[in-house]
Number of protein chains: 2
Amino acid sequence: MKGRVSAYDVAKLAKVSQSTVSRVLNNYPHVRKETRQRVHDAINTLGFSPDEIARSLASKKTNTIGLIVEDISNSFYAETAHIILREAQKYDYEVIIIDAETDENSFERAISTLNGKRVDGIIVASTRMDNQKVKEFYDKGFPIIFYNRRIYGIEESHYVEVDNKLGAKMAVNHLVENKHRKIAFISGPTIYSTFYQRFEGYKEAVQDNGLEYDESLIYKGEVSYDQVFQFALNLMRDEDRPTAFFASTDQMALAIMDAAARSGRHIPFDVSVIGFDDIEIASNPYISLSTISQRKREMAVLTLQKLLSLINSDDSNDEPNKITLEPELIIRKTTGVNNQ
Amino acid sequence: MKGRVSAYDVAKLAKVSQSTVSRVLNNYPHVRKETRQRVHDAINTLGFSPDEIARSLASKKTNTIGLIVEDISNSFYAETAHIILREAQKYDYEVIIIDAETDENSFERAISTLNGKRVDGIIVASTRMDNQKVKEFYDKGFPIIFYNRRIYGIEESHYVEVDNKLGAKMAVNHLVENKHRKIAFISGPTIYSTFYQRFEGYKEAVQDNGLEYDESLIYKGEVSYDQVFQFALNLMRDEDRPTAFFASTDQMALAIMDAAARSGRHIPFDVSVIGFDDIEIASNPYISLSTISQRKREMAVLTLQKLLSLINSDDSNDEPNKITLEPELIIRKTTGVNNQ
DNA sequence: AAATTACATGAATCCGCTTTCAATAAATTG
DNA sequence: CAATTTATTGAAAGCGGATTCATGTAATTT
């Protein structure tokens, strides 16, 4: 890119100093109306657009935030990213998305990278509950907020989440009301707070309803389509199989539905399935998945706004934002009365 | 963030000049092994990480690329973004994703923003075919490459796409082979090259197969679930309805399937549906959508690699990259023989 | 009208690194 | 061993704006 025009060029053309150009650029007072106009004209005829990098260096603000997700191809994150991206745009913030693997190292690297890029703040939609690096950041007062996650060990952490435990209980209760007594539970790794909480909810609900807690009905490994599919397939083929499956994410529920189909079980007649998240496809009539809604839009918008207010608040000792929304049970066609 | 450590602090501790610190940071030669070690030690004890902003300003490289998409919550883009994000990570590039609305202004703003941020290059996965701003960039020799899009009027444009016209023909031919003679076509706005080409393919195939071209079977409005749903619903209820639907995107095919369900038509017995893209959910057994595969992964990886090579090539007059991959017909369960 | 006060503007410095350029020291060469 | 080369290193000048300070000018006050 040869010959970018600089503020200096604009200054020359408008016959003012560079400081004045900077003033009109930042809409500062103390510039005569006529001068301001002259500068604007110069900017237009030259097609000047300020170098945000230089600007950031001088102002120590990048107008960029980081968003760490686990897998942007996962609808839940994609839909979240969409909302955050669009919302950030309104406030003239750009966002660097990092699609970090789930291991601790990737996560730390993500944080370091964003730190290097001097983002103004970070939204974490992916992390184990115990990451050390994050704590350091918090302690330095860096604006960081968790989306649908919590980090334990940091009392002052900011987060926006849905009441995952309650959501899980709602799901199980719904199944119990439909006379299911043997309910499988499919979870991701419980080092993640969401999965942890949903698991807690499942256990409590099982206990509250006087059901038997059976380890063999529990999956809590990787969030892998194939693995979940295989696990569910095995259960489906079992003589004494569960009559219902509660999956901690819709994505995993999809794998379960797949397994049901492959093993000839009909939903919801032979087996009920309920998910968690309410991703878009869940409402498609061919899927029509019963689920627990996360209220993504509210969560995402709130998260962004809280982050921006953290960034722009002078004193950093406002009390931490701990926001917990109530989930919602959405009954569609994958859950029905147990008739076995 | 008080008291960030700077390269200057490192220099002092290591008893060298800041230039030397910069040298080891960039792994330049001409630093005695012992000195290098001393600097590394200082970096570690201080926990120093360089300010990438300052670095970018000085080096005129941001190691950041821009990705403009239309709607990241759309699986096709989400899956693409995932691949690009992960691939870019390998080369230490960050990516700023802009989720631009479809109007011309948003797109121009996206380009301007990325220009301001001084990204090293841009991948455009969303644009009309005739955007002026893009041309200007091209003319300046700015690395920009189109993903699954072309821009007409720029001979030198770089793009990676699938043969959309061929794909459309494959879809129609498949339907014709199944004895369908009345095939509806659902397209997004044909100012987008993909839709344009697919439409061309549809028309050609209709003609080649001696079918009647019927305007009333064509939708080419916004890519809106509700609108497509409504359009399809009306057709479904028609006396003399089409026996098959070819949708330019899987997302729209989903809306058509929805409409079929709502109007009591059974797929593929009463009506066949074929999409385009092969998004992930298409292979789910409950959806099992016949479609044309875009070979997203190859496209995405190629696009990123070409972009990086554009960025790092000294002379910018290598011939333009015009890559067209062959699509693939994937027959699943939404298409069948017409028996009416 | 002199004294204040508010407004407009430019010069100079800084942001935190990279990159010459020049200087010094060590290694080679004839 | 003197003459070159080559390897190390530091000082200083950017990169392109933001910001502080000083200066000059117009608007207000007594």
Side-chain angles (χ1 to χ4, degrees), chain A residues 1-40 42-43 46-64 92 112-113 115-120, chain B residues 1-40 42-43 46-64 92 112-113 115-120:
Chain A
M1 300 254 44
K2 69 256 166 175
R4 274 193 203 279
V5 291
S6 69
Y8 176 74
D9 299 321
V10 174
K12 256 194 325 195
L13 182 60
K15 298 197 191 313
V16 295
S17 75
Q18 209 231 77
S19 333
T20 299
V21 174
S22 176
R23 283 193 189 95
V24 342
L25 239 44
N26 293 288
N27 226 286
Y28 284 165
H30 301 307
V31 178
R32 212 192 318 165
K33 207 166 176 187
E34 179 200 307
T35 311
R36 193 179 293 274
Q37 188 53 52
R38 203 142 33 91
V39 173
H40 274 135
I43 288 177
L46 260 47
F48 165 76
S49 90
D51 185 322
E52 296 296 334
I53 295 293
R55 229 173 173 184
S56 296
L57 180 59
S59 68
K60 310 195 137 309
K61 273 218 64 188
T62 53
N63 263 61
T64 302
D92 274 308
S112 295
T113 301
N115 178 35
K117 293 281 183 193
R118 296 298 186 260
V119 295
D120 297 334
Chain B
M1 301 252 45
K2 68 256 165 176
R4 274 192 203 280
V5 291
S6 69
Y8 177 74
D9 299 320
V10 174
K12 255 194 326 195
L13 182 61
K15 297 196 191 314
V16 295
S17 76
Q18 216 228 72
S19 336
T20 300
V21 174
S22 175
R23 284 193 187 94
V24 343
L25 237 44
N26 294 289
N27 227 286
Y28 284 164
H30 301 307
V31 178
R32 211 192 317 167
K33 207 166 176 186
E34 180 199 308
T35 310
R36 193 180 293 273
Q37 188 54 51
R38 207 144 31 90
V39 172
H40 275 135
I43 287 176
L46 260 44
F48 166 76
S49 89
D51 184 322
E52 295 296 336
I53 295 293
R55 229 172 170 183
S56 297
L57 180 59
S59 68
K60 309 195 136 312
K61 273 218 65 193
T62 53
N63 262 60
T64 303
D92 273 309
S112 295
T113 301
N115 178 36
K117 293 280 182 194
R118 296 297 185 262
V119 294
D120 297 334

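Sequence lines set the chain letters: A, B, ... in the order given, protein chains first and strands last, and positions in each chain run from 1. Computed from a prediction, not measured in an experiment: that's the story for all the values here.
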Requested in this report: Using a heavy-atom cut-off of under 4.0 Å over every strand shown, decide if B:Val16 touches base, sugar-phosphate, or nothing.
Outcome: sugar-phosphate
Query raised in the report: Counting side-chain heavy atoms from C-beta on, which of C:dG16, D:dT8, C:dT18 comes nearest to B:His30?
Result: D:dT8
**Report entry** Heavy atoms of other groups near B:Lys61 NZ, more than 12 under 6.0 Å
**Finding:** yes
Query raised in the report: Are A:Arg32 and C:dA8 close enough that a side-chain N or O sits under 4.0 Å from OP1 or OP2?
Result: no
Query raised in the report: So which one's nearest nucleotide on DNA chain D is more toward 5', B:Lys15 or A:Leu57?
Result: B:Lys15
Requested in this report: Kindly say whether, by distance alone, the side chain of B:Arg118 makes a donor-acceptor pair under 3.5 Å with the base of D:dG16?
Outcome: no
Query raised in the report: NA contact type, A:Thr20, heavy-atom cut-off 4.0 Å: base, sugar-phosphate, or nothing?
Result: sugar-phosphate
Report task. Take atom CG of A:Asn115 and atom P of C:dG16, then tell me their distance rounded to the nearest Å. Result -> 13 Å
Query raised in the report: Any side-chain N or O of A:Tyr28 less than 4.0 Å from the OP1 or OP2 oxygen of D:dT19?
Result: yes
Query raised in the report: Side chain of A:Arg23: nearest nucleotide among D:dA18, D:dG16, D:dT20?
Result: D:dT20
**Report entry** B:Ala58 or B:Lys33, whichever maps to the more 5' nucleotide of DNA chain D
**Finding:** B:Lys33
**Report entry** Out of C:dT19, C:dT9, D:dG17, whichever nucleotide has its closest atom nearest the side chain of A:Asp51
**Finding:** D:dG17
Query raised in the report: With a non-hydrogen cut-off below 4.0 angstrom, is B:Glu52 in contact with a base, only sugar-phosphate, or nothing?
Result: nothing
Query raised in the report: Is there a donor and acceptor pair, one atom on the side chain of B:Ser19 and one on the base of D:dA11, closer than 3.5 Å?
Result: yes
**Report entry** B:Ser56 vs D:dC15: side-chain N/O to OP1/OP2 distance below 4.0 Å
**Finding:** no
Requested in this report: Ignoring the backbone of B:Lys60, work out which of D:dT20, D:dG16, C:dT20 is nearest its side chain.
Outcome: D:dG16
